[in-house]
Amino acid sequence: MEGSEIKEVGIIQNNSKKKIFVAGATGNTGKRIVEQLLAYGFAVKAGVRDVNKAKSILPEGNPLLQIVKVDVTEGSAKLADAIGDDSDAVICATGFQPSWNLLAPWKVDNFGTVNLVDACQKLGVNRFILISSILVNGAAMGQLFNPVYIILNVMGLVLVAKLQAERYIRKSGINYTIIRPGGLKNDPPQGNLVMQPEDTLFRGSISRDQVAEVAVKALLHPESHYKVVEIVASTDAPKRSFEELFGSIEQQ
């Protein structure tokens, strides 16, 4: 991360460094991001809607973990208070809860993400990592009739909402990495990571553990800056370093 103290040294040696704020920290992917950040020695501020739930599923007794109550739909001012001036980067792993409310994807996956970016800019936080999805730009890819694209968009056009949030991030000027994983699995990783440029992958799956790892590694590798990457796992793929993986994607 340009101009910061983040270095890939296994365990971060400077415990006084600023925190990484994780929005959606109790989600299936978000909690894995928190766990992996802590394993690397990062100080983590976990943004959650339900503090009691967070205490029951996030690592207990870790002095590097701080839990803060926050809702991304409540506006950038409250988010800025939660992120605070002690955060060095924000990772957004939020996602709407499926319901009959067709506005929910827009409130969370679009406006919620926009609120986070605005909060970062109020605070001068200039590193933002978003967990998005492959096929967000499926219409432009000729994938309008892809069953996955259809099914996901039946739920309030969630992929369209995510795409609009991505576009806002990219126009904001913030140093971003947008991670678009394939179908998310709770199982342990099977196969090596495949990383491709935006609007390339339209099928495939990946373990949430690997998605979390990519998010954490994006903090450690400047090759990830200002990039959109699409990721799946494949047993046929060769094992490649993250420096090589991120470096293979053109900067936007």
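All residue numbers refer to positions in the sequence shown, counting from 1.
Looking at heavy atoms from C-beta onward, K217 lies out of side-chain contact with S224 at the 4.5 angstrom threshold. Counting heavy atoms from C-beta on, the side chains of F242 and V214 come closer than 4.5 Å. Looking only at side-chain heavy atoms (C-beta outward), V194 and L245 stay at 4.5 Å or farther from each other. For the pair T94 and V108, the minimum side-chain heavy-atom distance is below 4.5 Å. For the pair E213 and Q36, the minimum side-chain heavy-atom distance is below 4.5 Å. With a 4.5 Å cut-off on side-chain heavy atoms, V229 and I178 do not count as touching. By the 4.5 Å heavy-atom criterion applied to side chains, D50 and V48 are not counted as neighbours.
Ion pairing of R180 with D199 is present here, as a side-chain N (NZ or NE/NH1/NH2) and a carboxylate O approach within less than 4.0 Å. Ion pair D86/K45 flagged as a salt bridge, since at least one NZ, NE, NH1 or NH2 atom sits closer than 4.0 Å to an Asp/Glu carboxylate oxygen.
A distance of 7.5 Å separates CE in M141 from CG in L201, rounded to the nearest 0.5 Å. Atom CG of residue L38 and atom CG of residue N62 lie 4.5 Å apart, to the nearest 0.5 angstrom. Annotation: the span from E243 atom CD to E223 atom CD amounts to 4.5 Å, rounded to 0.5 Å. Going from atom CG of L37 over to atom NZ of K19 covers 13.5 Å, rounded to the nearest 0.5 Å. Interatomic distance, K227 NZ to I179 CD1, rounded to the nearest 0.5 Å: 12.5 Å. If you take CD1 on I206 and CD on Q210, they are separated by 4.5 Å, rounding to the nearest 0.5 Å.
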N186 vs N28, test: side-chain contact (heavy atoms from CB on, under 4.5 Å). Steps then yes/no.
CA-CA 8 Å; N186 293 326; N28 286 324; 4.0 Å; yes
If you apply the rule side-chain contact (heavy atoms from CB on, under 4.5 Å), what do you find for D88 with F42, and how did you get there?
CA-CA 11 Å; D88 202 35; F42 284 102; over 6 Å; no
Using side-chain contact (heavy atoms from CB on, under 4.5 Å), reason through M195 and F246 one step at a time and then give a plain yes or no.
CA-CA 8 Å; M195 184 177 288; F246 283 124; 3.7 Å; yes
C92/L116 under side-chain contact (heavy atoms from CB on, under 4.5 Å): CA gap, chis, key distance, verdict:
CA-CA 8 Å; C92 177; L116 280 168; 3.6 Å; yes
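No hydrogens or angles considered: nothing links the side chains of R240 and N192 as a donor-acceptor pair under 3.5 Å. Using modelled atom types, one finds no donor on one side chain facing an acceptor on the other under 3.5 Å when comparing T26 with R49. Side-chain atoms of Y168 and D118 include a donor-acceptor pair closer than 3.5 Å. E166 and S132 are linked by a side-chain donor-acceptor pair at a separation below 3.5 angstrom, with hydrogens and angles left out of the test.
Looking at S207, its side chain does come within 3.5 Å of a backbone N or O of D187 through a donor-acceptor pair. Under the 3.5 Å distance criterion, the side-chain polar atoms of N115 are matched with a main-chain donor or acceptor of V72. Using a distance-only test at 3.5 Å, with no hydrogens or angles considered, a donor-acceptor pair links the side chain of W106 to the main chain of G156.
When all heavy atoms of G30 and V22 are compared, the closest pair comes out as O-CG1, 4.2 Å. The minimum heavy-atom distance between K185 and S205, with the atom names listed, is CE-OG, 3.3 Å. Contact record, A119 with A80: CB-N, 3.7 Å, taken as the closest heavy-atom pair. Looking at every heavy atom in both residues, I33 comes nearest to A215 through CD1-CB, 4.2 Å. Minimum interatomic distance between Q121 and S172 (heavy atoms only, all atoms of both residues): NE2-O, 2.9 Å. Between F21 and G47 the shortest heavy-atom distance is CZ-CA, 3.8 Å.
L135 and I150 are assigned to two separate hydrophobic clusters, defined by single-linkage of ILVMFWY side chains at heavy-atom distances under 4.5 Å. Tracing side-chain contacts under 4.5 Å through hydrophobic residues (I, L, V, M, F, W, Y), one reaches F145 starting from L163; they form part of the same cluster.
Counted within 6.0 Å of CG on D85, heavy atoms from surrounding residues, nucleotides or ligands total 12 or fewer; the atom is thus considered open. Remark: Q66 CD is packed, more than 12 non-hydrogen atoms of other residues, nucleotides or ligands lying under 6.0 Å away. More than 12 non-hydrogen atoms from other residues, nucleotides or ligands lie less than 6.0 angstrom from CD of E244. Within a 6.0 Å radius of CZ in R170, more than 12 heavy atoms belonging to other residues, nucleotides or ligands are found.
Between Y176 and Y226, the two ring planes are perpendicular [angle over 60°; tilted spans 30° to 60°].
Of the listed residues (I20, T177, I174), just one forms a side chain to side chain contact (heavy atoms under 4.5 Å, CB included) with R127, and that residue is T177. For the side chain to side chain contact (heavy atoms under 4.5 Å, CB included) criterion with L159, the lone passing option out of D109, V136, I134 is V136.
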